[in-house]
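Note that the structure is a prediction, hence the values are computed from the model and not measured.
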Amino acid sequence: MQSRSSSKPTHEEDIEEEWPVVCPISQCLNSSTLTFTILGLIELETTITECETLDYLNKVLIPACPLFSSIIVTDKEGVKRWKKVDVQAENHLIIPTFPTGLEIESYDQLLREYVSKIGNERFSREKPLWECHLFKYPSANGVGSFVFKLGHAIGDGYAYMKILSMIVKRAENPHLPLTYPNLSLRQRRNDQVGRMSNFLGSFVKCINTVSDIIYNTLKTTVMVDCPSAIRSGKWKKKELFKPIDIYSIKLSLKRVREVKSKLGSTMNDVITGIISYVIHLYMAKMGQNSTKAASSMTMLVMLNMRVLKNNYKDIDDMMKSADTWGNHSRFFPVKIPSIAGGENINPLDFITKAKEHMDRSKNSMIFYLLDPLLDGVRSIFGQKGMEQVVRLGFKNASTLITSLVGPKEQISIADRPIGNFYFIVAGIPQSLTFTSMSCMEQLQLVATMEKGFIDSNLFASCMDEAFENIFQAAFGNEAKKSA
């Protein structure tokens, strides 16, 4: 059957019921009020040609996910579905041109500006939601780069991690499987308040759950963070994109783990503490009292509900599961840790406070109630109402953090070793967002900033300074010896 290549919502008489239904969250992330785009930057250590790239896209990338050859259509009943279409890789490969003979620093800047530019462009409705941009110029970590632009409606972070595991190989030995850090994905008990079987522990957990339900409901409706140095609050209702600046830092996972072990915290505690400290430094240097502003500052933490719904032991277990496709991402608001004082404070306090906030969140059943709450909103207000609630949830908060865990070994794509790899999420109605990814024994922390509102150079300097201050505070003279 010949199919039309249009994803514009139209009624089609020949719609097939077996075409997969687009899940409600994916509809929210590809709507007229909210459009999220994932941009993955991969810097290559050796060059690749256009013909080799097309061959790779046709033989490896497109077969890796059925939604890479599907578009969104609306059937005669008004249900959005994924419709299979013919895909030509050349229609998805874009090769920008820039002046030759520039310094690497200039190409680095051009690459960041290019990623920012394409992140603010909507996908064509006539093609599947992905593009590959081949940047054929050197950068700080490679001689050329791939920029994969992917619709968040296709899948969540772990769906894309599974796709990544299918399209990359170990650089030193392609025949060996990729391995992931030995991390438990199960939610841990908080022993500080007792076991679930303990009456007091159960009572506290119930109180926390009720409190979280109320707080979560208010934050996604009427409770709005105040404008601050990191939140302009000027996103109009129909405004999907604003110009952005991007800055990333690369940290040694070994050093991050040393801080984690020193403080008895988790990796997420450390990352949240670093981000909170960066925000504190930036607001202090902008002359704003971060402690006073923090009373209404919240950070959205992105969660993956498949972790709670399934009994995965670790990331390898998740990667092997058949239940990896689709979008199971949800968000949960937490207060941004703050410490009274100016720049001369103990940065480790931010990690300690982040740990307290996270431990408090774990001692609640709210994570298991996020889906029922969203389902309730959808049943009462419909899909449009749910989309508005999701958008308000992001717009009302000050910032966001979403994290992924990648392979431990150096990886290659199309037989080219990868020198650097990170991702951002564009289209979020916030002035500042963060993404973090541990891959190849490095932790890449990336800030996406609203251009013209946040001083990107000053914020970048705060990011550079933050972890060094934290590591120095944790180990003092030992830090200098291990550096």
Side-chain angles (χ1 to χ4, degrees), residues 6-12 15-38 64-85 122-123 125 127-130 149-164 216 220 240 300-310 312 318-319 321-332 367-394 400 402 404 425-428:
S6 174
S7 63
K8 185 177 181 179
T10 57
H11 296 301
E12 298 193 0
I15 200 78
E16 298 183 5
E17 292 185 0
E18 60 266 25
W19 290 339
V21 175
V22 183
C23 72
I25 287 296
S26 288
Q27 292 185 46
C28 290
L29 302 183
N30 187 55
S31 67
S32 59
T33 58
L34 204 63
T35 299
F36 283 8
T37 303
I38 298 174
C65 177
L67 300 187
F68 284 164
S69 54
S70 301
I71 59 175
I72 298 177
V73 297
T74 306
D75 67 15
K76 58 186 178 182
E77 302 297 329
V79 178
K80 292 186 183 295
R81 296 179 180 272
W82 291 104
K83 177 182 178 181
K84 189 79 173 176
V85 295
R122 296 201 69 161
F123 282 103
R125 295 188 175 186
K127 297 187 298 184
L129 304 176
W130 68 273
K149 180 180 177 181
L150 310 161
H152 212 327
I154 288 177
D156 54 35
Y158 279 104
Y160 277 122
M161 286 308 302
K162 181 164 185 176
I163 293 172
L164 180 71
N216 196 70
T220 54
L240 297 180
L300 293 184
V301 178
M302 298 303 294
L303 307 169
N304 196 296
M305 298 306 292
R306 72 177 83 244
V307 174
L308 301 181
K309 294 176 180 178
N310 300 282
Y312 296 127
M318 178 181 283
M319 291 295 104
S321 170
D323 181 37
T324 310
W325 307 119
N327 202 307
H328 298 258
S329 56
R330 306 292 184 267
F331 60 88
F332 178 74
F367 302 117
Y368 297 92
L369 298 176
L370 292 177
D371 274 359
L373 288 172
L374 279 177
D375 290 341
V377 169
R378 188 166 179 260
S379 63
I380 296 171
F381 301 104
Q383 179 65 31
K384 291 292 184 183
M386 180 179 172
E387 291 171 4
Q388 184 63 19
V389 166
V390 171
R391 185 179 188 277
L392 284 175
F394 287 98
L400 167 145
T402 180
L404 287 178
V425 183
I428 299 175

Quiz item: Does the pair Met386 and Ile25 meet the rule for a side-chain contact (heavy atoms from CB on, under 4.5 Å), with working shown?
Solution: CA-CA 9 Å; Met386 180 179 172; Ile25 287 296; 3.7 Å; yes

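- One finds the CD1 atom of Ile38 at 8.0 Å from the CG atom of Leu404 (value rounded to the nearest 0.5 Å).
- Residue Cys28 holds its SG atom at 7.5 Å from CG of Leu374, rounded to the nearest 0.5 Å.
- Considering NE2 of His152 and OH of Tyr160, their distance stands at 8.0 Å, rounded to 0.5 Å.
- Nearest heavy-atom pair, Ala64 versus Ile163, reported as atom, atom and distance to 0.1 Å: CB-CG2, 4.2 Å.
- Listed by chain and number, the residues in a side chain to side chain donor-acceptor pair (under 3.5 Å) with Ser70 amount to none (sequence neighbours excluded).
- Residues passing the ring pair (Phe, Tyr, Trp, His ring centres under 6.0 Å) test with Phe123: none are found, sequence neighbours excluded.
- The structure places CG of Leu67 at 8.5 Å from NZ of Lys84, a figure rounded to the nearest 0.5 Å.
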Exercise. Kindly determine whether Ile154 and Trp82 satisfy side-chain contact (heavy atoms from CB on, under 4.5 Å), including the steps that lead there.
Key: CA-CA 10 Å; Ile154 288 177; Trp82 291 104; 4.2 Å; yes

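- In this structure, Asp75 CG and Arg81 CZ are separated by 5.0 Å, a value rounded to the nearest 0.5 Å.
- Under the side chain to side chain contact (heavy atoms under 4.5 Å, CB included) test applied with Phe36, the options Asn30, Ile428, Leu150 reduce to a single match, Ile428.
- Taking each heavy atom of Ala153 and Leu129 in turn, the nearest pair found is CB-CD1, 4.2 Å.
- Here the OG-NZ distance, from Ser69 to Lys127, works out to 14.5 Å after rounding to the nearest 0.5 Å.
- Ile71 and Pro128 make their closest contact through CG2-N, 3.6 Å (heavy atoms, listed as atom of the first residue, atom of the second, distance).
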Practice problem: Evaluate side-chain contact (heavy atoms from CB on, under 4.5 Å) for Lys384 paired with Ser32, printing each intermediate quantity in order. | Solution: CA-CA 10 Å; Lys384 291 292 184 183; Ser32 59; 4.1 Å; yes

Self-check item: Stepwise side-chain contact (heavy atoms from CB on, under 4.5 Å) test for Leu370 and Asn216
Solution: CA-CA 9 Å; Leu370 292 177; Asn216 196 70; 4.1 Å; yes

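- Side-chain contact check for Phe331 versus Val390: some heavy-atom pair is nearer than 4.5 Å.
- Of the candidates Glu387, Gln27, Gln383, Arg378 forms a side chain to side chain donor-acceptor pair (under 3.5 Å) with just one, namely Gln383.
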